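I have placed the structure first, in the form of structure tokens, so that the comments after it can refer back to it.
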Amino acid sequence: MNITEQHEFINNIIRPAWIEIDLDAVAQNVRNIKQYLGGVQYLAVVKADGYGLGAVETAQVILENGADRLGVVMLDEAIQLRRAGITAPILNMGNIRADQAYYVPEYGLEQIVFRPDVAKALSHAAGAKSSIAQIHVKIDTGMSRYGVRYDKAAAFIESIINLPNLEIIGAMTHFPKSDAIDKSFALLQIERMLAIKKALVNKGITIPLWHTANSGATLDLPAAHFDMVRVGLMNYGYFPSSDVRRPFTLHPAMSVKARIININRIRRGDSVGYGRRFIAEKDETIAVLPMGYSDGYSRKLSQVGQVLIKGRRIPIVGGLCMDAFFIKITDHPDIQEGDIATLMGIDGDEEISPHDIARLAGSVSYEVISCFGKRLPRVHIRNGKIVKIKNYLLS
Ligand SMILES: Cc1ncc(COP(=O)(O)O)c(C=O)c1O
């Protein structure tokens, strides 16, 4: 497909608002992370539809470029990947009920375990399929979400280690605070894991994969690398915060775009949008972009956000609607209906990052990228060419 045909393709997106996913950027990010890790294993977290970039599409590229394993947080996500033909190891890092154990051997998954009933059910389900359930014991060292509490972890592992058809291949925990300057709590969590490891070794129990590190700890806490890291956000091109080290380059993979669909020339005293939050003090030119808060574009950007058009920063005015918002283009007479606005991403020398949006929306970059809605088609680009347009509503 040549460039003109590619543009035609994007033009044919019915509602002119979409997300571009640069799979070449994902590939390069994964190679950079892999090189930095040396011999440490690499689990790539592709939960929440690959943080909004498309789980199947990103997982394929991530695996091709050196990740060893995928991580999701629910059986449905794991099954989606298997149905797409992905055969790599997949760890379900989310909780399951005992009556759901059947799915684990059925789809050849690895599963976190922190409750005896689930361990027994997995042992039973694997036995029924003449297979072995590979599990990672989830240890709660300070997140208070999932896991067996750290002071009970060694005893729990001892209590399930001899269950038939069950193999404990991993022991893991998660950091609530690894990308801030203060690492004291993360260091305490590492100590807790090391104490458990030592207690088990003293009892002759060895577990091959100890893993704790998310993106922040992968960057800043080499002591947290153990045998494997679990990297999510960085695969997609974003550092987790501005406080972490940046030992390699990351390339942002997600751009959010929309075309101007209407232009209104308003007079002094006219108002814009719900709540009449913008009242013109002079004659103004207002353009309408077809995206709103129901698309995951925060209403908190009303009056304070910006978009990029032709490499220039253009202010958002008025309140965001559910499906549309307004920009003031009075000083840019060359901007016309049909022009493309970049809501997140790079245009010329300017960039709006998920961190920039998060700052204005009182959020975090994770929420910004993963909450763009399913009404926005994902346009996947590889080797500089569009390889797929996924329209969730029409597929
Ligand atoms: C258990 C677990 N491990 C690893 C990650 C990856 O974290 P990050 O995206 O900061 O790399 C997550 C994501 O929240 C997670 O829930």
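Along the sequence shown, residues are numbered consecutively beginning with 1. Both counts, for ligands and for their atoms, begin at 1 and track the order of listing. Since this is a predicted model, take the numbers as computed values, not measurements.
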(request) Answer yes or no: is there an ion pair linking Arg265 with Asp283, defined by an N-O contact shorter than 4.0 Å? (result) no
(request) Run the numbers for me: atoms of ligand 1, each under 4.0 Å from some heavy atom of Val231, listed by number. (result) 11 (O)
(message) Strictly below 4.0 Å, N to O, side chains only: are Lys257 and Glu20 in salt-bridge contact?
(response) yes
(request) May I ask you to check if Arg192 and Tyr150 form a cation-pi contact, with NZ or CZ under 6.0 angstrom from the six-membered ring centre and within 45° of the axis? (result) yes
(request) Considering heavy atoms of the protein only, find what lies nearest to atom 7 (O) of ligand 1 and give residue, atom and distance to 0.1 Å. (result) Asn214 CB, 3.4 Å
(request) Indicate yes or no: does Arg276 engage Asp270 in a salt bridge with an N to O separation below 4.0 Å. (result) no
(message) Would you say the rings of His211 and His136 are close, in the sense that their centroids are separated by under 6.0 Å?
(response) yes
(message) Using a plain distance cutoff, I'd like to know if Met172 has any nitrogen or oxygen under 3.5 Å from a nitrogen or oxygen of ligand 1.
(response) no
(message) I want to check something: taking the side chain as every heavy atom from C-beta on, are Ile352 and Leu343 in contact at a cut-off of under 4.5 Å?
(response) no
(request) Identify, for atom 9 (O) of ligand 1, the protein heavy atom at the shortest distance, and state residue, atom and that distance. (result) Tyr51 OH, 2.6 Å
(request) For atom 13 (C) of ligand 1, grab the closest protein heavy atom and report residue, atom and distance to one decimal in Å. (result) Lys47 NZ, 3.1 Å
(request) Please determine if Gly232 has a nitrogen or oxygen closer than 3.5 Å to a nitrogen or oxygen of ligand 1. (result) yes
(message) Checking a contact table here: which protein heavy atom is nearest atom 10 (O) of ligand 1, and how many Å away?
(response) Tyr366 OH, 2.5 Å
(request) Measure centre to centre between the rings of Phe325 and Tyr297, then say whether the value is under 6.0 Å. (result) yes
(message) Check the orientation of Tyr51 and Tyr366. Use parallel for under 30°, tilted for 30 to 60°, and perpendicular for over 60°.
(response) tilted
(request) Would you check whether Arg145 reaches within less than 4.0 Å of ligand 1, judged by its heavy atoms? (result) yes
(request) Classify the contact between His174 and ligand 1 as side chain, backbone, both or neither, using a heavy-atom distance cut-off of under 4.0 Å. (result) side chain
(request) Considering the heavy atoms of Val45, write down every atom of ligand 1 situated less than 4.0 Å from one of them. (result) 4 (C), 5 (C), 6 (C)
(request) Considering heavy atoms of the protein only, find what lies nearest to atom 11 (O) of ligand 1 and give residue, atom and distance to 0.1 Å. (result) Ser215 OG, 2.6 Å
(message) To check your reading of the model: name the closest protein heavy atom to atom 3 (N) of ligand 1, its residue, and the distance in Å.
(response) Arg230 NE, 2.8 Å
(message) I'd like to check which ligand 1 atoms, numbered from 1 as shown, lie under 4.0 Å from a non-hydrogen atom of Leu233.
(response) 8 (P), 9 (O), 11 (O)
(message) Using a strict threshold of under 4.0 Å (side-chain N to carboxylate O), is an ion pair present between Arg375 and Asp295?
(response) yes
